[in-house]
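These notes concern the structure reproduced below.
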Amino acid sequence: MRALTVTPGEQDSLLVTDMPDPVPGAGELLVEGLALGICGTDREIVASAYGFAPPGEKRLILGHESLGRVRQAPAGSGFVPGDLVVGVVRRPDPVPCQACARGEFDMCRNGRYTEHGIKEIHGFGSELWKVEVDYAVKLDPGLEAVGVLMEPATVLAKAWEHIMRIGARAWFEPRRVLITGAGPIGLLGAMMGKARGLEVHVLDLATEGPKPRLVHDLGGVYHTGSVGEAVEGCRPDIIIEATGVGRLVFDAMENTAAAGIVCLTGVSTAGRHMEVDAGSINRDIVLENDVIFGSVNANLRHYEIAAAALAEADRSWLERLITRRVPLERALEAFHPEPGDVKVVVDLGRE
Ligand code: BGC
């Protein structure tokens with residue numbers, strides 16, 4: 001089969017190449033890949049800043065934002081050929097730690113978890129892939145065009161769940177959310193904020209392209225100034241930071257409401273230094289009972305929440321998040337950003 005592969009740690013090693021067909025074991029599905037979403041983590045792996053091949057192998061099949069169609073399923077598994085599925089990204093650590101032992105592998109305590117297409121297990125960027133029945137999630141058959149947005153949606157389903165759980169530490173009736181960054185994570189976060197009945201504000205640099213309209217059509221307000229100006233204009237109870245840009249992260253932390261919650265979702269690269277007034281930031285966080293927390297990955301509960309959120313969402317709006325599709329043989333093009341990109345997807349289906 002053809003697959004999108006990379007040698008982690010090696011520059012310019014991204015390649016569409018032949019890899020052995022997967023052989024499903026007992027309790028596993030064989031899946032025909034339909035689409036693969038590309039995100040910042042994939043770009044980091046390609047830039048050899050992250051990523052680990054499976055033990056004993058040199059190359060890693062890339063891809064964790066999956067969508068596929070079941071070709072073979074074990075009898076009685078609850079899946080049948082033709083089902084639309086996504087594969088869960090993370091697997092619990094083998095120890096397992098107390099969190100992984102309880103199915104909360106997204107909160108793994110010892111860092112020995114593995115992740116498809118990222119850390120020690122092959123990803124879903126291939127014509128065929130296999131996945132354990134227990135880590136496959138069935139999607140509404142009507143979601144074929146947008147189901148590839150599931151994985152980023154799970155990340156936001158978790159972030160929102162944790163925001164609400166943290167808020168529940170005291171009286172909490174949030175009315176407004178500000179999201180920094182109108183990429184797929186920011187926009188899916190906005191969609192879920194709207195579904196919760198909140199007033200949604202999204203801040204991004206882009207003044208052209210699809211982002212302003214996507215926010216507008218969601219019923220949200222689009223901002224292009226600084227975080228301080230956006231906060232001044234909307235006084236959010238919650239900020240979701242979805243860029244990972246150091247300045248914005250600290251701007252978000254400095255601009256919270258009293259008892260405000262800031263959820264950081266953007267993974268940044270190390271080594272960017274800047275000056276901050278640590279005294280003032282700490283003082284505000286303490287005196288206002290603020291919470292700043294990070295959120296990554298998602299467990300099976302969040303996959304179920306995300307599947308329901310996508311099924312309920314406006315499908316044509318979701319389709320507009322996918323701004324570019326490239327066939328597998330030209331997958332390298334997906335790694336060269338173009339103006340107007342929101343989500344770029346590699347089509348895996350045979351032409
Ligand atoms: C993925 C997560 C993953 C994280 C770190 C993100 O891009 O969405 O599932 O845990 O990268 O590897």
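We number each residue from 1, following the sequence as shown. All values below were derived from every heavy atom in this structure, side-chain atoms included, with hydrogens, water molecules and symmetry-related copies excluded. Numbering of ligands and ligand atoms starts at 1, following listing order.
For the side-chain hydrogen bond (donor to acceptor under 3.5 Å, both in side chains) criterion with Arg91, the lone passing option out of Glu132, Glu120, Glu115 is Glu132.
With a heavy-atom cut-off of 4.0 Å, Glu65 does not touch ligand 1 at all. Using a 4.0 Å cut-off between heavy atoms, Glu151 contacts ligand 1 through its side chain alone, with no backbone atom that close. With a 4.0 Å cut-off on non-hydrogen atoms, Val267 does not touch ligand 1 at all. Residue contacts with ligand 1, taken as heavy atom pairs separated by less than 4.0 Å, do not involve Ala298 at all.
Closest to atom 4 (C) of ligand 1, if we only count protein heavy atoms, is Val296 CG2, 3.8 Å.
The distance from the NE2 atom of His122 to the CG atom of Leu62 is 11.5 Å, given to the nearest 0.5 Å.
Under the 6.0 Å distance and 45° angle rule, Lys211 does not count as a cation-pi partner of Tyr222.
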Given side-chain hydrogen bond (donor to acceptor under 3.5 Å, both in side chains), test His64 with Arg90 step by step and report yes or no. CA-CA 9 Å; His64 58 279; Arg90 193 176 279 195; over 6 Å; no

Under the side-chain hydrogen bond (donor to acceptor under 3.5 Å, both in side chains) criterion, do Glu338 and His336 qualify, and how do the steps go? CA-CA 6 Å; Glu338 287 184 9; His336 299 293; over 6 Å; no

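Note: His302 and His162 have perpendicular aromatic rings, judged against thresholds of 30 and 60 degrees for the angle between ring planes.
In the hydrophobic clustering of this structure, Tyr303 groups with Met164; members are Ile, Leu, Val, Met, Phe, Trp, Tyr whose side-chain heavy atoms approach within less than 4.5 Å, directly or through other members.
Proximity annotation for atom 12 (O) of ligand 1: of His116, Arg43, His64, Glu115, Glu115 comes nearest, heavy atoms only. The residue among Thr265, Thr41, Val88 with a heavy atom at the shortest distance from atom 7 (O) of ligand 1 is Thr41.
Close approach of ligand 1 to Cys39 (heavy-atom distance below 4.0 Å) involves ligand atoms 7 (O). Ligand-side atoms of ligand 1 in range of Val155: 8 (O), range being under 4.0 angstrom from any heavy atom. Counting the atoms of ligand 1 from 1 in the order shown, those under 4.0 Å from a heavy atom of Arg90 are 10 (O).
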